[in-house]
Amino acid sequence: MGRVTPQELSLALARILTDIVEERRSRTEGGATGELVVTVQDTQVERPKNRDHGDWSSNAAMKFAKRLGVPPRELAEQIISRAAEIDGVARAEIAGPGFINLTLDVASAGETARRVVEQGAAYGRGDALAGQVINMEFVSANPTGPLHMGHTRWAALGDSTARVLRAAGAEVTSEYYINDAGAQMNKFGRSVLAAALHEPAPEDAYPGEYIQQLGSRVREQLPNLAELADQDRDAALDQAQELAYQLQLAEIKDSLERFNVHFDVFFSERTLHAPGEHGEPSPIEAAIDRLREQGHVFTEDDAIWVRTTDFGDDKDRVFTRGNGVYTYFAADAAYYLSKMDRGFGEKIYLLGADHHGYIGRLTAIAGAAGDNIETDITVLIGQLVNLNGARLSKRAGNIIELDDLLEWLGADALRYWLARYPADSPLALDGEQLRSRTNDNPVFYVQYAHARTCAVDRNAATAGIDRSTFAPGLLEHPTETDLLGKLQQYPGIVAGAAELREPHRVTRYLEELAASFHRWYDNCRVIPLGEEPVGDLHRTRLWLNDAAGQVLRNGLDLIGVTAPERL
RNA sequence: GCCCCCGUAGCUCAGUGGAUAGAGCAUCGGCCUUCUAAUCCGACGGUCGCAGGUUCGAAUCCUGCCGGGGGCACCA
């Protein structure tokens with residue numbers, strides 16, 4: 001019996017097409033087909049929208065017709081005569097301008113249910129990105145205040161993307177860059193110190209009540225602060241600033257934890273400025289030296305420059321200001337080199353649209369450092385989020401805090417909604433919709449489908465239905481064929497989402513899967529009615545129910561959303 | 001002025017060059033003594049911003065224009 005997945009169908013079609021190409025080549029002695037190579041990519045099958053077009057469909061004949069010099073329908077004819085022989089394929093037909101439509105035999109399709117159950121949490125995981133060592137940097141918000149709405153989209157998207165990449169076999173380190181050096185930190189320190197000492201806020205102080213709260217905590221934990229400030233203002237500032245920073249960073253980590261967002265590494269900018277233990281140059285100095293050796297650094301107007309224009313940037317950038325202080329960009333460059341030195345191939349940056357001016361210079365640093373700017377660096381730019389109907393936070397100075405959003409909407413609804421759209425698509429949060437427990441709210445729709453699979457499982461146990469038999473040939477109801485097809489698609493969805501760095505594909509898929517499940521549930525009973533005896537069909541359907549629940553769970557996990565057993 | 005993103009149903013948005021462009025919401029209408037009706041079924045709804053081009057085939061790729069958003073620091 002065939003266990004036919006879309007991947008296996010693509011492979012089989014690729015073999016058939018290769019044979020046809022070979023045969024033509026030997027007949028025409030090379031010629032036009034000389035360079036022609038068929039890959040699995042060329043023979044991808046897709047799930048047709050229209051059921052009359054079979055279970056799986058390929059446009060390979062149309063793609064290759066011109067290159068082979070054969071009319072598309074004629075080539076399709078040659079392909080289907082052999083495709084009908086693929087184990088598990090019941091019918092192969094030509095349609096329209098040259099589509100190849102394949103219909104699986106019922107039992108082969110039904111085998112999917114058992115395969116999913118057997119593979120469990122591993123179903124859908126693959127090796128499309130095996131061997132890739134990826135650094136994924138996102139959020140990286142200044143530790144001078146709470147996370148707010150501007151950070152939430154990148155937190156959700158970045159974490160989900162990392163999970164999807166891992167599911168496709170990549171080795172991913174997710175990383176948060178802490179801007180804990182520089183003027184913003186000093187401003188933050190002065191703001192908190194003033195609050196702690198009950199002094200009026202400095203003119204350029206950070207707004208928001210959280211500064212006052214930090215000030216109170218600093219005052220409690222540093223009882224001698226006022227005394228110290230009288231004797232040595234700078235020392236007091238240092239202590240207050242450092243403590244406030246640690247408190248704030250801990251708060252940020254807590255918020256991320258509640259949002260189910262995990263970072264492998266929190267990377268401190270300070271470590272880039274610090275010289276070595278025995279007076280070695282700091283990583284920034286070392287980085288500038290390395291780039292100078294590569295011939296990309298020059299001095300002009302008392303400043304050190306890097307010639308990013310050699311790598312497509314629209315202007316050269318400075319590493320030091322006139323006063324000798326390193327720019328933020330110098331640290332960025334050193335940070336990039338650190339990522340290289342730590343063995344990462346592709347470095348992914350997830351930035352807001354307000355940072356799109358950074359693409360040119362980041363890419364240029366990659367090039368200057370000797371990386372391949374096509375493959376070793378990816379800068380994903382996301383559009384900002386609008387919010388309807390939220391209250392602004394007084395605590396954080398009229399911005400909306402992540403913690404408030406979590407309390408208001410819950411982590412699941414927020415994560416799901418933010419992961420549901422491509423990064424470059426504008427997105428609005430609608431509080432009313434996200435709080436609703438109906439079809440308007442896609443996360444509930446999907447979670448409900450999962451809870452239903454659990455309810456069926458519980459009821460089946462009560463009714464004495466076990467998994468002692470599995471008869472896939474019985475899964476022939478149209479809603480069963482449809483649901484099985486959805487389950488077969490899942491590994492391809494994960495691989496595609498990973499390759500394109502688009503986790504929203506998973507959420508869209510989950511909604512389709514949930515819809516297929518709900519329709520099946522409505523049409524096909526697992527638990528017999530009345531006095532009807534339990535049969536193989538009921539037991540086999542229980543496997544299918546399990547399989548649907550498993551894939552819903554696997555998919556929700558990639559988005560970082562829980563899969564409750566009851567709602 | 002230059003650069004990036006967006007423009008698809010009344011609304012919010014999917015759509016990796018393929019078949020009659022989809023989903024949810026909204027509106028209207030159906031199905032509950034049966035595994036959870038938080039589900040399901042049906043109807044209504046389109047100049048895919050506009051105009052050219054490439055292609056057997058374009059919402060998708062290219063060019064120009066229109067409209068909306070963002071960015072163009074020896075700031076962090």
Side-chain angles (χ1 to χ4, degrees), chain A residues 41 44 46 48-50 52-53 57-59 62-63 65-66 71-72 95-99 101 142 144 179 181-187 269 301-305 314-315 317-329 331 352-360 381-384 386 388 420-428 430 433 436-442 444-445 447-449 451-460 462-463 465 479 496 499-500 502 504-505 507-508 511-512 514-515 517-530 532 538 541-542 545 566-567:
Chain A
Q41 292 298 323
Q44 292 289 354
E46 62 176 30
K49 280 166 266 181
N50 188 336
D52 298 335
H53 295 149
S57 155
S58 167
N59 59 11
M62 291 181 290
K63 277 189 187 161
K66 182 173 253 182
F99 289 101
N101 294 335
N142 285 353
T144 54
N179 297 122
Q184 290 301 316
M185 281 302 289
N186 293 328
K187 180 171 142 185
E269 182 190 352
D301 300 333
D302 293 331
I304 299 174
W305 294 70
D314 52 4
K315 64 182 74 164
R317 307 289 169 175
V318 290
F319 276 156
T320 59
R321 301 200 292 268
N323 58 13
V325 175
Y326 292 112
T327 59
Y328 193 84
F329 182 57
D354 53 339
H355 282 70
H356 104 262
Y358 277 59
I359 300 176
I381 294 296
Q383 296 292 307
L384 305 175
N386 297 311
N388 303 325
R420 193 170 181 253
Y421 303 92
D424 55 10
S425 169
L427 179 158
D430 186 324
Q433 185 174 7
S436 86
R437 298 166 67 82
T438 67
N439 228 346
D440 328 4
N441 190 351
F444 274 100
Y445 182 74
Q447 286 182 319
Y448 177 51
R452 257 189 164 173
T453 66
C454 297
V456 169
D457 184 68
R458 290 190 295 266
N459 293 329
T462 309
I465 302 172
T479 60
E499 278 159 22
L500 296 165
E502 291 185 344
H504 77 275
R505 288 169 187 276
T507 65
R508 300 289 169 170
E511 288 159 40
E512 288 177 24
F517 172 78
H518 284 309
R519 270 193 295 274
W520 172 71
Y521 174 92
D522 233 55
N523 284 278
C524 297
R525 294 189 55 91
V526 172
I527 292 138
L529 275 175
E532 187 190 342
H538 303 108
R541 280 178 175 166
L542 185 55
N545 181 74
R566 303 167 194 267
L567 289 181

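Per chain, numbering begins at 1; letters A, B, ... match sequence-line order. This structure is a prediction, so every number in the text was calculated from the model and none was measured. These values consider heavy atoms only, across backbone and side chains, with no hydrogens, waters or symmetry-generated copies.
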Please determine if a side-chain N or O atom of [X] lies less than 4.0 Å away from the OP1 or OP2 oxygen of [N].
X	N	value
A:Asn50	B:rU20	no
A:Tyr521	B:rA37	yes
A:Lys49	B:rA21	no
A:Asn441	B:rA38	no
A:Arg437	B:rU39	no
A:Arg505	B:rU16	yes
A:His504	B:rG15	yes

Look only at the side chain of [X] and the backbone of [Y], and say whether a donor-acceptor pair between them is shorter than 3.5 Å.
X	Y	value
A:Glu46	A:Ser57	no
A:Asp301	A:Ala303	no
A:Thr327	A:Val318	yes
A:Arg525	A:Ile527	yes

Output a table of nitrogen or oxygen pairs between the protein and nucleotides 70-75 of chain B separated by less than 3.5 Å.
residue: B:rG70; atom: O2'; partner: A:Ala353; partner atom: O; Å: 3.3
residue: B:rG70; atom: N2; partner: A:His356; partner atom: ND1; Å: 3.2
residue: B:rG70; atom: N2; partner: A:His356; partner atom: NE2; Å: 3.2
residue: B:rC72; atom: O3'; partner: A:Lys315; partner atom: NZ; Å: 3.4
residue: B:rA73; atom: OP2; partner: A:Lys315; partner atom: NZ; Å: 3.0
residue: B:rA73; atom: O5'; partner: A:Lys315; partner atom: NZ; Å: 3.4
residue: B:rC74; atom: O2; partner: A:Gly322; partner atom: N; Å: 2.4

At under 4.0 Å between heavy atoms, what does [X] touch on the DNA or RNA strands: base, sugar-phosphate, or nothing?
X	result
A:Phe319	nothing
A:Pro528	nothing
A:Gly496	base
A:Cys524	base
A:Arg519	sugar-phosphate
A:Ile381	nothing
A:Ala331	nothing
A:Ala460	nothing
A:Leu500	base

> With syn defined as a glycosidic torsion within 90 degrees of 0 and anti otherwise, which applies to B:rC4?
Replying inline: anti
From [atom1] of [X] over to [atom2] of [N], roughly how many Å is that when rounded to an integer?
X	N	atom1	atom2	value
A:Arg420	B:rG15	CZ	P	11 Å
A:Gln433	B:rA38	CD	C1'	15 Å
A:Asn545	B:rU36	CG	P	11 Å
A:Arg508	B:rU12	CZ	P	14 Å

[atom1] atoms of [N] and [M], separation to the nearest Å:
N	M	atom1	result
B:rG69	B:rU63	P	24 Å
B:rA58	B:rC62	P	16 Å
B:rC50	B:rG45	C1'	23 Å
B:rG15	B:rG22	P	15 Å
B:rG53	B:rU60	P	14 Å
B:rC6	B:rG49	P	12 Å
B:rC5	B:rA73	C1'	22 Å

If you define the side chain from C-beta out and look only at heavy atoms, does anything of [X] sit under 4.5 Å from [Y]?
X	Y	value
A:His518	A:Tyr445	yes
A:Arg437	A:Gln447	no
A:Arg541	A:Cys524	yes
A:Trp305	A:Lys315	no
A:Arg452	A:Phe517	yes

> If you take all heavy atoms of A:Pro528 and A:His538, which pair is closest and at what distance?
Replying inline: CB-NE2, 3.7 Å
> Do A:Ser57 side-chain and B:rA19 base share a donor-acceptor contact under 3.5 Å?
Replying inline: yes
> Does the base of B:rA19 carry an N or O that pairs as donor and acceptor with the side chain of A:Asn101 under 3.5 Å?
Replying inline: yes
>> More than 12 heavy atoms of other residues, nucleotides or ligands under 6.0 Å from CG of A:Asp302: yes or no?
In response: no
Protein-nucleotides 55-61 of chain B N/O pairs closer than 3.5 Å?
residue: B:rC56; atom: OP1; partner: A:Lys66; partner atom: NZ; Å: 2.2

>> Between the side chains of A:Lys49 and A:Asp52, is the shortest nitrogen-to-carboxylate-oxygen separation below 4.0 Å, so that they form an ion pair?
In response: no
> What about the rings of A:Phe319 and A:Phe329, do their centers lie closer together than 6.0 Å?
Replying inline: yes
> When you check the side-chain N and O atoms of A:Asn545 and A:Tyr521, is any donor under 3.5 Å from an acceptor?
Replying inline: no
>> Please tell me whether A:Thr144 and A:Asn142 have a donor and an acceptor in their side chains that are separated by less than 3.5 angstrom.
In response: no
> Where each residue is assigned the nucleotide of RNA chain B containing its nearest heavy atom, which of A:Ile359 and A:Arg525 is assigned the position nearer the 5′ end?
Replying inline: A:Ile359
> Closer to the 5' end of RNA chain B via nearest nucleotide, is it A:Phe329 or A:Asp52?
Replying inline: A:Asp52
>> Closest approach to the side chain of A:His518, judged atom by atom: which nucleotide of B:rU34, B:rC40, B:rU12 is it?
In response: B:rC40
> Is A:Tyr445 stacked on the base of B:rA38, with ring centres under 5.5 Å apart and planes under 30° apart?
Replying inline: no
> For A:His53 and B:rA19, is the gap between ring centres under 5.5 Å while the planes differ by less than 30°?
Replying inline: yes
>> Both atom distances under 3.5 Å, Watson-Crick or G-U wobble: I'd like the secondary structure of RNA chain B as a dot-bracket string, with | for pairs made across strands.
In response: (((((((..((((....[...)))).((((.........)))).....(((((..]....))))))))))))....
